[in-house]
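Below is one structure, written out as C-alpha cells; comments come after it.
From a predicted model like this one, the values you see are computed outputs, not experimental measurements. Values below: all heavy atoms of this structure, side chains included; hydrogens, waters and symmetry mates excluded.
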Amino acid sequence: MSPAMVGSGEKGESDTPGSQYQKGVKQLVDNGLHTIPKKYILPPSDRPATNSEDSNVAKQNLQLPIIDFSELLGPRRPQVLQSIANACERYGFFQLVNHGISDDVISSVRDVSCRFFDLPLEERAKHMTTDMRAPVRYGTSFSQTKDTVFCWRDFLKLLCHRLPDFLPHWPASPLDFRKVMATYSEETKYLFLMLMEAIQESLGIITEGNNQEEKTEGKDNNIMKDLEDGSQMMVVNFYPPCPEPDLTLGMPPHSDYGFLTLLLQDQVEGLQIQFQGQWFTVQPINNAFVVNVGDHLEIYSNGKYKSVLHRVIVNAEKKRTSVASLHSLPFNCTVRPSPKLIDEANPKRYADTNFDTFLAYVSTREPKRKEFLDSRKLTST
C-alpha cells in the first residue's frame with residue numbers, strides 16, 4: 001500500500017480554492033486543456049527529464065526477469081524459486097506469465113475500468129473522499145491532501161477483503177463493475193497467496209510441501225494464516241494524455257507499503273523502476289503481471305528482498321490504464337523480520353511495525369520515496 005492511502009478523512013472539497021484540480025486530470029483534459037496548470041509542474045530536479053543528455057533516465061527499456069508461474073507446479077520448481085529469489089534481490093520486480101488468470105477475466109477488468117472513467121464526473125464523484133478507511137475512494141494525484149504539486153493521475157481505490165463487507169459499497173455503474181472486479185479480486189488474492197508460499201520457500205522459511213513455519217522463540221510464525229485473512233486493496237489508475245509530459249509525473253518515486261503488488265498494465269509504457277541509479281521503463285507484456293516487493297516484505301525478509309522505488313511517466317498521445325492489487329497483513333497485525341532470517345551474522349535490521357505506526361508517520365508529512373521504511377531500520381546495512 002502506498003502512502004497515497006492516507007487522507008484527512010474529510011469529504012466535499014468542491015468549495016475550497018483550487019477545487020478544479022480536486023476533480024481530477026480527466027476533467028481538465030475533457031475541458032480542452034492545452035497546457036498544464038502550474039499546480040502540476042514539478043521543480044526541474046523532479047521532472048522526468050527524458051530528453052536531457054545528462055538524464056538519469058536509461059535510453060533503453062528494462063527487460064525484467066520473467067517468471068513462468070506454471071513451472072512452479074512442476075519439476076522445475078527449484079529453478080523457478082531461485083529465479084524469484086534473484087529477481088527479488090536484484091530488481092525487487094519481476095513479470096509473471098502463465099499465471100492462471102484467464103484472458104477473458106483480464107480483458108473484462110480492463111474494459112470495465114475504462115468504462116468507469118468514461119462515466120460523467122457526477123457519477124464518478126459519488127465516490128470522492130479522502131477518508132482512507134472508506135471502502136471506495138475516487139480521487140486524484142498521489143497523496144491528494146498533502147501534495148504541493150499534483151500528479152497527472154486519477155484513481156479509484158477499492159478495499160476488497162473481506163469481499164462481502166465491501167462489495168455492496170463498490171460503484172454500481174457500470175452495471176457489471178461489481179461482478180467483474182469481484183472475480184478479479186478473488187483470483188488475484190489466490191495468486192498472491194501462491195506467490196507468497198513460493199517466496200517463503202525461496203527464503204528458506206518453509207520447505208516444499210510444508211507451509212508451516214517452525215516454532216521459533218516460542219512463537220508460531222506462520223505468516224500465511226494471517227495473509228489469508230490479510231488486507232487487499234485494488235487501485236485502478238487512469239493517466240490521460242498530457243500536453244506537457246516532460247513537466248510532470250503520473251506518480252512520483254515511491255515504494256509500496258505491503259507485501260506484494262500485482263500490477264496489470266495495458267500496452268502503453270509508463271511504469272519506471274530505479275535500477276543502479278537510473279530510471280528504466282518497464283516493457284509491457286500483454287496479460288502479464290508486474291509483481292513488486294513491498295516494504296512489508298523487505299522487513300519480513302530482514303532486508304534480503306528489496307522494495308524498490310518506482311514512478312509513472314505520462315505521454316502526450318495516449319491514455320494509460322493500470323490495475324494494481326496490493327496485498328498485506330490485516331491492518332491490526334504487526335510485521336517483523338522472520339526469526340528464521342535472524343542470527344549472529346544477520347542481526348535484526350528493522351523495528352516491528354504496524355499500520356498505526358505508518359499512519360502516525362505519514363500524517364505529519366508529505367510521503368516521499370522510502371522515508372517510512374528507512375525510519376524503521378535498526379542498522380545502516
Side-chain angles (χ1 to χ4, degrees), residues 2 56-101 103 106 187-188 190-206 208 251 253-256 258-313 322-328 341 370 373:
S2 73
N56 64 347
V57 178
K59 299 299 184 289
Q60 73 276 14
N61 288 356
L62 181 64
Q63 299 293 332
L64 288 174
I66 297 174
I67 303 298
D68 187 333
F69 181 79
S70 66
E71 291 190 338
L72 278 172
L73 310 177
R76 295 198 70 254
R77 183 177 179 88
Q79 292 92 328
V80 178
L81 291 175
Q82 186 59 54
S83 295
I84 290 174
N86 293 342
C88 292
E89 288 181 34
R90 181 169 171 79
Y91 298 99
F93 277 79
F94 57 86
Q95 300 229 46
L96 189 71
V97 299
N98 296 328
H99 41 68
I101 298 180
D103 290 352
I106 287 176
E187 296 204 17
T188 51
Y190 176 80
L191 182 59
F192 161 72
L193 293 172
M194 296 301 100
L195 285 173
M196 278 305 303
E197 282 195 4
I199 283 173
Q200 292 240 91
E201 196 173 333
S202 74
L203 287 165
I205 295 172
I206 62 174
E208 185 177 1
M251 290 185 76
H254 68 284
S255 61
D256 290 347
F259 267 78
L260 288 179
T261 299
L262 280 62
L263 178 73
L264 178 66
Q265 301 191 86
D266 58 21
Q267 292 301 103
V268 180
E269 294 178 0
L271 175 65
Q272 292 188 329
I273 73 168
Q274 193 173 69
F275 178 65
Q276 297 180 344
Q278 285 191 302
W279 288 104
F280 286 83
T281 299
V282 175
Q283 181 70 42
I285 298 176
N286 191 38
N287 291 0
F289 285 104
V290 179
V291 180
N292 67 279
V293 173
D295 293 349
H296 277 175
L297 182 51
E298 179 169 332
I299 292 172
Y300 179 69
S301 70
N302 203 31
K304 185 174 183 180
Y305 293 170
K306 301 294 186 182
S307 71
V308 170
L309 287 176
H310 50 288
R311 69 183 188 180
V312 176
I313 59 173
S322 68
V323 183
S325 184
L326 303 103
H327 302 264
S328 193
L341 301 177
K370 293 180 64 174
L373 182 63

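No side-chain donor-acceptor contact under 3.5 Å links D256 to the backbone of G258. In this structure, H310 contributes its side chain and H254 its backbone to a donor-acceptor pair below 3.5 Å.
Scanning both residues, G100 and E187, for their nearest heavy atoms gives O-OE1, 4.5 Å. When every heavy atom of L309 is checked against every heavy atom of P253, the shortest pair comes out as CD2-C, 4.1 Å. Scanning both residues, A324 and T261, for their nearest heavy atoms gives CB-CG2, 4.1 Å. For the residue pair T281 and Q272, the shortest heavy atom distance occurs at OG1-NE2, 3.1 Å. In terms of heavy atoms, L81 sits closest to A198 at CD2-O, 3.3 Å.
Atom-to-atom distance recorded for M196:CE and L297:CG is 5.5 Å, nearest 0.5 angstrom. Within the model, atoms CG of D295 and CZ of F259 stand 11.0 Å from one another, a figure rounded to the nearest 0.5 Å. Rounding to the nearest 0.5 Å places OG1 of T188 at 10.5 Å from CD1 of I106. The distance from the CD atom of Q283 to the CG atom of L64 is 10.5 Å, given to the nearest 0.5 Å. To the nearest 0.5 angstrom, S301 atom OG is 11.0 Å from Q200 atom CD. To the nearest 0.5 Å, atom CD of residue Q274 and atom OG of residue S255 are 11.0 Å apart.
By the 4.5 Å heavy-atom criterion applied to side chains, L264 and I101 are not counted as neighbours. Side-chain contact between Y305 and I199 is present, with heavy atoms from C-beta onward closer than 4.5 Å. Side chains of I205 and L341 form a contact here, defined as non-hydrogen atoms less than 4.5 Å apart. Between Q265 and V282, some side-chain heavy-atom pair lies under the 4.5 Å cut-off.
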When you look at L373 and E298, which way does the side-chain contact (heavy atoms from CB on, under 4.5 Å) test go after all the steps?
CA-CA 9 Å; L373 182 63; E298 179 169 332; 3.3 Å; yes
What do the steps show when you test I67 against L195 for side-chain contact (heavy atoms from CB on, under 4.5 Å), and what is the final call?
CA-CA 11 Å; I67 303 298; L195 285 173; 5.9 Å; no
Show your working on side-chain contact (heavy atoms from CB on, under 4.5 Å) between V293 and K306 and close with a plain yes or no.
CA-CA 6 Å; V293 173; K306 301 294 186 182; 5.8 Å; no
Run W279 and I313 through side-chain contact (heavy atoms from CB on, under 4.5 Å) and show every step you take.
CA-CA 11 Å; W279 288 104; I313 59 173; over 6 Å; no
Please set out all donor-acceptor pairs under 3.5 angstrom arising from side-chain atoms of residues 83-94, sequence neighbours excluded.
unit_1: S83; atom_1: OG; unit_2: Q79; atom_2: O; d: 3.2
unit_1: N86; atom_1: OD1; unit_2: Q82; atom_2: NE2; d: 2.9
unit_1: N86; atom_1: ND2; unit_2: Q82; atom_2: O; d: 3.3

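For F289, the ring-ring contact (aromatic ring centres under 6.0 Å, His included) test picks out H99, with sequence neighbours left out.
Ring planes of H327 and F192: parallel class, angle under 30° (limits at 30 and 60°).
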